[in-house]
Protein chains: 2
Amino acid sequence: MATSTSKRDHILNSALSLFAERGFDATTIPMIASDANVGAGTIYRYFENKEVLVNTLFQHYVDLFTKTLEEDYPQEAGIRDQFHHLFQGMVRFTNEHEHALYFIKTHNAAYFLDETSRSRFNHLLMILEGFIDEGKEKEQIRDLPSKALIAIIFGGFLELFKLIRAGEIEETDELLTGAEETCWDAVRHHA
Amino acid sequence: MATSTSKRDHILNSALSLFAERGFDATTIPMIASDANVGAGTIYRYFENKEVLVNTLFQHYVDLFTKTLEEDYPQEAGIRDQFHHLFQGMVRFTNEHEHALYFIKTHNAAYFLDETSRSRFNHLLMILEGFIDEGKEKEQIRDLPSKALIAIIFGGFLELFKLIRAGEIEETDELLTGAEETCWDAVRHHA
DNA sequence: CTATGCGGAATGAACATTCATTCCTGTTCA
DNA sequence: TGAACAGGAATGAATGTTCATTCCGCATAG
């Protein structure tokens, strides 16, 4: 039944939600173990130490998110459609992995990330910057630093999902459509 | 020279930047003491414990920020001018207290906040919601949950200043004007 | 000299990590 | 067929470390 793979997965899942909810430093190994229904020592059978665990998790979800955004990317479509694709990807990814994006965002500059984690994250950023830069060239996106626009979209998006997760607002189709419009109006070029 | 008041202030300032940069849990009392050039024990002359320290800090800056937004608020002006006032307040406050807004945002749902801290923070939120609600009534602001719009503005704004602080982009007048337009276009009602 | 404020070593609690032991599961052989 | 065993996986008590907090001796000012 519980194969050793599923045990490793339980650990990763528990770690993800605890890191997202309380942060890396406030989360103890015994907490993760108890949430995952394994002994504390078991975690060390799968991960060398707490930092390796958090880096594994970080890289896994950054890669998965990157794949989600890249998959079926409408290379030939217009900027607005490409934006829709990206936004939909964020929504879908967040619904499939409740805590993952928030975990990534709150830990992307943390002191314990290793070189691989940082470089995977940069790769993700560069994809997004590519999109923004193209939009700016075509004068369909506002002339502000790409990093700034990305920060604004992600900052806004993630705060929004934080509210949804906290139960303060409900995730309806209207809300998501509205949020997409909001973010698009934020970055698009206005006449 | 170093009066006891300035010693307390040094502790608060060091705590603020360390909490903002590394988070509450990753910041140790010895770190704060060494940054503030005082002995570890001295901190306990001024604050009962680490939680009291962080709550003191939180309440202080939430109140200060609230005052900044309320001061000279153009009650009679149009929504756009009121928005300008609020945005300017955010910019000014952030420039005067580099880490304060970021500290507030990253810790506003933390487990160690006491009732007073939570209620002061809610008060701040309610002021902002009041502004948004008024704008929605006048059909000048987008019809989305007020909390969602606030989340989007603050999320975006703070990510932006995180980049500025990290030195990734430069804080110019163009950038700030552009960011204000961006945030306004995000929340305003579009025809 | 006394009192007040400080600093930093001392303390106890909590943590990450280790490791001796137990627990499975599948295999061998009588 | 089933008893005995091997070896990998899992466990949680034990260990060493780091932290928040305390405490006591030393300055400095009055």
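Naming convention: chains lettered A, B, ... in sequence-line order (proteins, then strands); numbering from 1 in each chain.
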Inset, instruction - Please state whether the phosphate of D/dA9, meaning OP1 or OP2, lies under 4.0 angstrom from any side-chain nitrogen or oxygen of A/Y46. - result: no
Inset, instruction - Mark yes or no: B/R120 above the aromatic ring of B/F58, with NZ or CZ under 6.0 Å from the six-membered ring centre and no more than 45 degrees from the axis. - result: no
Inset, instruction - Give one of base, sugar-phosphate or nothing for A/S34, where a contact means two heavy atoms less than 4.0 Å apart. - result: nothing
Inset, instruction - Can you tell me the distance, in whole Å, between the CD1 atom of A/I32 and the C1' atom of C/dA16? - result: 11 Å
Legend entry - Rounded distance in Å - CZ (A/R8) to P (D/dA10): 12 Å
Inset, instruction - Round to a whole Å and report the spacing from CD1 of B/I43 to P of D/dT21. - result: 10 Å
Legend entry - Nearest to side-chain heavy atoms of A/T28, which nucleotide of D/dT11, D/dA20, C/dA16: C/dA16
Legend entry - DNA chain C: 5'-proximal contact among A/G41 and B/G41 (nearest heavy atom): B/G41
Legend entry - Closest to the B/T42 side chain, choosing from D/dT21, D/dA10, C/dG7: C/dG7
Inset, instruction - State which of C/dC6, D/dT11, C/dT17 makes the closest approach to the side chain of B/K7. - result: C/dC6
Legend entry - Parallel, tilted or perpendicular, as decided by the 30° and 60° cut-offs, for the rings of A/F83 and A/W184: tilted
Inset, instruction - Could you work out which one of D/dA9, D/dT21, C/dG7 sits closest to the side chain of B/K50? - result: D/dT21
Inset, instruction - Calculate the interatomic distance between A/F24 atom CZ and C/dC15 atom C1'; express it in whole Å. - result: 12 Å
Inset, instruction - Please state how far atom CD in B/E48 lies from atom P in D/dT22, giving the value in whole angstrom units. - result: 9 Å
Inset, instruction - Check the side chains of A/D9 and A/Y46 for a donor-acceptor pair under 3.5 angstrom, ignoring hydrogens and angles. - result: no
Legend entry - Per B/R45 side chain, nearest of listed nucleotides C/dT17, D/dA9, C/dG5: C/dG5
Inset, instruction - Classify the ring geometry between A/H107 and A/F19 as parallel (under 30°), tilted (30 to 60°) or perpendicular (over 60°). - result: tilted
Legend entry - Length of the CD1-P vector between A/I29 and D/dG16, whole Å: 20 Å
Legend entry - Rounded distance (Å) that lies between atom C1' of D/dA10 and atom CD1 of A/I11: 10 Å
Legend entry - Closest listed nucleotide, where the reference is the side chain of A/N49 and the choices are D/dT11, C/dG7, C/dT17: C/dT17
Inset, instruction - Report the distance from atom OH of B/Y44 to atom C1' of D/dC23, rounded to the nearest whole Å. - result: 13 Å
Legend entry - B/E76 atom CD, neighbour heavy-atom count above 12 within 6.0 Å: no
